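Sharing a structure, written as structure tokens. Questions coming.
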Amino acid sequence: MTLISVSSRLLSFLRRRRIGTSSCFQSLSIGVVHFHVNDNIAKPNSIPHSTHSIPSPHIKLQQYLVQKSKSGFDNLDDALAVFDKMLKLRPLPYDFHFNQLFTALVKMKQYQVAVSLFQEMSSRKIDVDIITFNIAINCCCHSNRVDYAFSLLLSAFKRGFVPDVFTYTTLIRGHLSQHKSAEARLFFTNLIKLNELQPDVVTDNTVINGLCKTGHTQMAIWLFRFMEKSDCKPNTVTYNTVIDSLCQHGLVDDALILQSEMMEKGILPNVWTYSPLIQVLCKLNRWEELSLLLQQMIEDMNISPNVHTFTILVDAYAKSGKLDDAKQIIKIMNERGEYPNIVTYNSLMQAYCSQGQMDEAMVLYRNMECEGLSPTVVTHNILLHGLCQLGGLCKSNYVDKALSFFQTMECNGLIPESKTYNIIICGCLWNKKYNEASKLVHKMVDCGFSADAITTSLLQQILTKVQDPTLLAMHQKCLQSGV
DNA sequence: CTAGGGTTAG
């Protein structure tokens with residue numbers, strides 16, 4: 001079993017599924033039409049029975065905000081304009097109207113804006129409820145202001161609110177995201193002791209995720225097994241979290257066992273259950289199992305791969321030099337309406353580069369820009385690496401291309417990483433462009449980066465053959481930067 | 001009638 005035969009099997013699964021895909025699109029378009037038609041008809045059923053006492057502008061506002069809280073606003077200015085209108089409306093909208101607006105802001109990841117609007121409401125003494133506080137506390141945690149989140153908890157107490165499992169779970173996650181696992185644990189155990197918190201599945205999932213991310217996989221699994229015995233049973237998220245962690249620690253067999261366990265227990269896997277397993281099976285060249293897993297996912301479970309899943313496959317093909325298969329995956333993606341993003345294209349570019357097809361890689365680079373996908377530093381690292389390696393193998397004019405490409409990148413406002421510098425410096429060294437290399441070493445050190453192991457050993461290797469003052473000075477500079 | 005968990009890929 002090889003990656004090629006996996007590819008042909010994958011293709012056949014996906015082709016067979018295409019009929020299903022088109023019917024799915026049909027029902028989607030019917031849904032859209034349905035929505036527009038309905039929009040112009042009075043919708044008595046969509047208005048709660050008790051709303052006869054709610055002023056009419058509030059009902060309109062509510063309908064509008066329900067939709068925005070699900071999708072977010074198109075832009076921030078719209079959200080702020082609505083907030084201003086709400087402040088001017090008399091009588092004032094209810095707390096849950098403001099909560100809906102905040103929910104929309106959270107969807108847009110505008111956490112700091114949400115916090116400042118919450119402050120604005122507080123200073124105007126507008127009534128809020130515990131949900132408003134919970135949203136604000138969550139937004140503080142997301143913008144790394146756990147300290148302020150705690151001060152909000154205090155003011156909630158002062159105003160007579162009783163924090164609930166939402167509040168505490170959010171604060172535990174806040175601690176964990178700040179890498180304060182000791183504080184999180186203390187907070188958690190104290191709340192349990194004081195009988196302030198009755199953890200639910202989300203609390204447990206939050207703790208399990210924190211344990212996994214801090215390398216305490218064994219403890220995470222202990223909690224997971226504890227949940228199985230308790231009334232608070234693991235759900236899909238719990239399984240996904242543990243499976244992902246096991247995959248990342250190379251414990252793929254344990255991860256596969258858990259995945260079959262969840263199926264036996266009737267807990268439905270989703271695309272995120274499969275993706276980490278697919279990735280690690282690719283990495284370990286376990287193609288037979290990969291093929292079976294893909295078959296189970298697509299055929300038996302009727303779960304479609306998404307952009308991330310496809311990108312994992314493109315990357316696997318790129319790393320095994322299977323350019324044609326990588327291209328095939330892109331084609332399937334387009335057919336299925338799962339469009340490649342910048343990461344997918346970076347992987348495809350890697351495939352071109354590994355085959356030495358630099359011209360095609362450059363064509364892809366320009367196409368990406370045309371499609372409105374902005375190349376990232378990683379895109380440039382891949383291209384520069386390709387150009388430098390090719391230059392080292394045969395033609396040094398590729399290194400000149402790499403150097404001018406490096407300049408273009410900076411002009412476009414992308415800030416090179418340590419890796420970027422090391423790639424281009426190695427390219428210069430290979431091609432005996434010692435002066436260029438020296439300039440770049442100084443620039444790299446000025447930016448606070450240092451030579452990596454590859455650059456240092458290459459430099460030492462050259463120094464054994466060539467005694468050049470520029471090279472010696474560069475070597476010194478590299479050694480100093482490493483300290 | 002709104003709030004907390006898992007974003008996995010280069």
Side-chain angles (χ1 to χ4, degrees), chain A residues 47-48 50-51 54 58 62-63 65-66 68-70 93-107 114 128-139 141-142 149 163-174 176-177 197 199-210 212-213 220 234-245 247-248 269-280 282-283 305-316 318-319 340-351 353 375-383 385 419:
Chain A
I47 299 164
S50 59
T51 50
I54 298 178
H58 288 193
Q62 185 167 320
Q63 286 170 351
L65 285 173
V66 163
K68 292 298 171 199
S69 69
K70 291 193 174 78
Y94 298 136
D95 45 21
F96 62 79
H97 294 130
F98 285 104
N99 293 346
Q100 284 172 326
L101 179 90
F102 285 130
T103 306
L105 286 169
V106 170
K107 281 262 150 59
V128 295
D129 63 1
I130 184 64
I131 296 180
T132 328
F133 264 103
N134 287 346
I135 298 172
I137 287 170
N138 185 34
C139 289
C141 291
H142 273 292
D164 58 13
V165 63
F166 281 77
T167 327
Y168 290 130
T169 301
T170 301
L171 285 164
I172 291 166
R173 197 193 63 81
L176 290 170
S177 69
L197 169 66
D200 64 9
V201 65
V202 179
T203 319
D204 284 348
N205 288 346
T206 305
V207 173
I208 286 178
N209 185 45
C212 288
K213 293 278 149 68
N235 62 12
T236 303
V237 173
T238 327
Y239 276 95
N240 287 359
T241 307
V242 177
I243 287 171
D244 182 51
S245 179
C247 287
Q248 282 192 27
N270 59 22
V271 67
W272 294 305
T273 317
Y274 286 98
S275 291
L277 289 166
I278 289 168
Q279 191 192 21
V280 71
C282 282
K283 199 175 161 192
N306 63 14
V307 184
H308 298 283
T309 327
F310 281 122
T311 305
I312 290 167
L313 292 168
V314 173
D315 190 51
K319 290 203 165 80
N341 63 20
I342 186 71
V343 184
T344 323
Y345 279 134
N346 285 347
S347 292
L348 180 64
M349 189 176 278
Q350 185 92 71
C353 291
T376 62
V377 180
V378 179
T379 320
H380 290 84
N381 288 347
I382 292 167
L383 266 178
H385 187 80
K419 203 170 183 172

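Numbered from 1 within each chain, the chains take letters A, B, ... in sequence-line order. Quantities reported herein were computed from a predicted structural model and do not represent experimental measurements.
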Side chain of A/I135 (C-beta onward), nearest among B/dA3, B/dC1, B/dA9: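 From the listed options, B/dA3 comes nearest.
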Sugar-phosphate, base or nothing in reach of A/T376, heavy atoms under 4.0 Å: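 Base contact.
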Euclidean distance, atom CD1 of residue A/I243 to atom P of B/dT7 [Å, nearest integer]: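 Between P of B/dT7 and CD1 of A/I243: 13 Å.
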Length of the CZ-C1' vector between A/R173 and B/dT7, whole Å: 13 Å
Nucleotide nearest A/H308 when distance is taken to its side chain, options B/dG4, B/dT7, B/dC1: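 Of the candidates, B/dT7 comes closest.
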Any side-chain donor near an acceptor of the partner, A/N134 and A/D164, under 3.5 Å: yes
A/L277 CG - B/dA9 P separation (whole Å): 12 Å
For A/V202, side chain to side chain contact (heavy atoms under 4.5 Å, CB included) partners two or more places apart: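 Listed in chain order: A/T169, A/D200, A/T206.
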Which nucleotide in B/dG4, B/dG10, B/dT2 has an atom nearest any side-chain atom of A/N99: B/dT2
Nearest atoms (heavy-atom pairs only) where A/K70 meets A/K107: O-CD, 3.5 Å
Sugar-phosphate, base or nothing in reach of A/T309, heavy atoms under 4.0 Å: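 No contact.
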For atom CG of A/L383 and atom P of B/dG10, their distance in whole Å: 17 Å
Contacts of type side chain to side chain contact (heavy atoms under 4.5 Å, CB included), residue A/V280, not counting sequence neighbours: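 By the side chain to side chain contact (heavy atoms under 4.5 Å, CB included) rule, A/V280 matches A/C247, A/V252, A/L284.
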Pair of N/O donor and acceptor under 3.5 Å linking B/dG4 base with A/T203 side chain: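 When only heavy-atom distances are counted, A/T203 does reach the base of B/dG4 through a donor-acceptor pair under 3.5 Å.
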Check: A/T238 side chain, B/dG6 base, donor-acceptor under 3.5 Å: no
N or O in side chain of A/K319 less than 4.0 angstrom from B/dA9 OP1/OP2: no
Below 4.0 Å: OP1/OP2 of B/dG4 and any side-chain N or O of A/N134: no
B/dG6 phosphate, OP1 or OP2, under 4.0 Å from A/N209 side-chain N/O: yes
Integer-rounded Å distance: B/dG10 C1' and A/K419 NZ: 9 Å
Aro-ring/base stack A/F96-B/dC1, d under 5.5 Å, angle under 30°: yes
Rounded distance (Å) that lies between atom C1' of B/dG10 and atom CZ of A/F310: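 Spelled out: CZ on A/F310 to C1' on B/dG10 is 17 Å.
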A/K107 NZ - B/dG4 C1' separation (whole Å):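 Interatomic distance, NZ of A/K107 to C1' of B/dG4: 13 Å.
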Distance in Å, A/T311 OG1 paired with A/Y345 OH, rounded so as to fall on 0.5 Å steps: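 So the OG1 of A/T311 and the OH of A/Y345 are separated by 10.5 Å.
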Nucleotide of B/dC1, B/dA9, B/dT8 approaching A/S275 most closely (side-chain heavy atoms):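 The answer is B/dT8.
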From B/dG10, B/dG6, B/dA9, nucleotide with atom closest to A/K213 side chain: B/dG6
Touch class at under 4.0 angstrom, heavy-atom based, for A/H142 against every strand present: sugar-phosphate
Any N/O donor-acceptor pair, A/T169 side-chain to B/dG4 base, under 3.5 Å: yes
Of the listed nucleotides B/dG10, B/dA3, B/dT8, the one nearest the side chain of A/N306: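 My answer, after comparing the listed nucleotides, is B/dT8.
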Candidates B/dA3, B/dG10, B/dC1 - which lies nearest the side chain of A/I131: B/dA3
Sugar-phosphate, base or nothing in reach of A/V66, heavy atoms under 4.0 Å: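 It contacts sugar-phosphate atoms only.
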Among B/dG6, B/dT8, B/dG4, the nucleotide that comes nearest once only the side chain of A/T170 is considered: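 Of the candidates, B/dG4 comes closest.
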Sugar-phosphate, base or nothing in reach of A/Q248, heavy atoms under 4.0 Å: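 No contact at all - A/Q248 keeps every heavy atom at 4.0 Å or more from the nucleic acid.
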Sugar-phosphate only, base, or nothing, as touched by A/N341 at under 4.0 Å among non-hydrogen atoms: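 Touches a base.
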Any N/O donor-acceptor pair, A/W272 side-chain to B/dT7 base, under 3.5 Å: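 Result: no qualifying N/O pair found.
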Closest to the A/S347 side chain, choosing from B/dA3, B/dG10, B/dT7: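 Output: B/dG10.
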Candidates B/dT2, B/dT8, B/dG6 - which lies nearest the side chain of A/D129: B/dT2
Touch class at under 4.0 angstrom, heavy-atom based, for A/N240 against every strand present: base
Sugar-phosphate, base or nothing in reach of A/D200, heavy atoms under 4.0 Å: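 Base: the residue A/D200, judged by heavy atoms under 4.0 Å, touches a nucleobase.
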Distance-only donor-acceptor check, side chains A/T170 and A/T167, under 3.5 Å: no
N/O (side chain, A/Q279) to phosphate O (OP1/OP2, B/dT8) under 4.0 Å: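 No, A/Q279 has no side-chain N/O under 4.0 Å of OP1/OP2 on B/dT8.
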A/Y94 and A/H97 aromatic ring geometry - parallel, tilted or perpendicular at 30°/60° bounds: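 Judged by the thresholds at 30° and 60°, the geometry between A/H97 and A/Y94 is parallel.
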A/H385 atom NE2, neighbour heavy-atom count above 12 within 6.0 Å: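 No, NE2 of A/H385 has 12 or fewer neighbouring heavy atoms, counting only those of other groups under 6.0 Å.
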Distance, rounded to the nearest Å, where A/N270 contributes CG and B/dT7 contributes P: 12 Å
Sugar-phosphate only, base, or nothing, as touched by A/K68 at under 4.0 Å among non-hydrogen atoms: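 Touches nothing.
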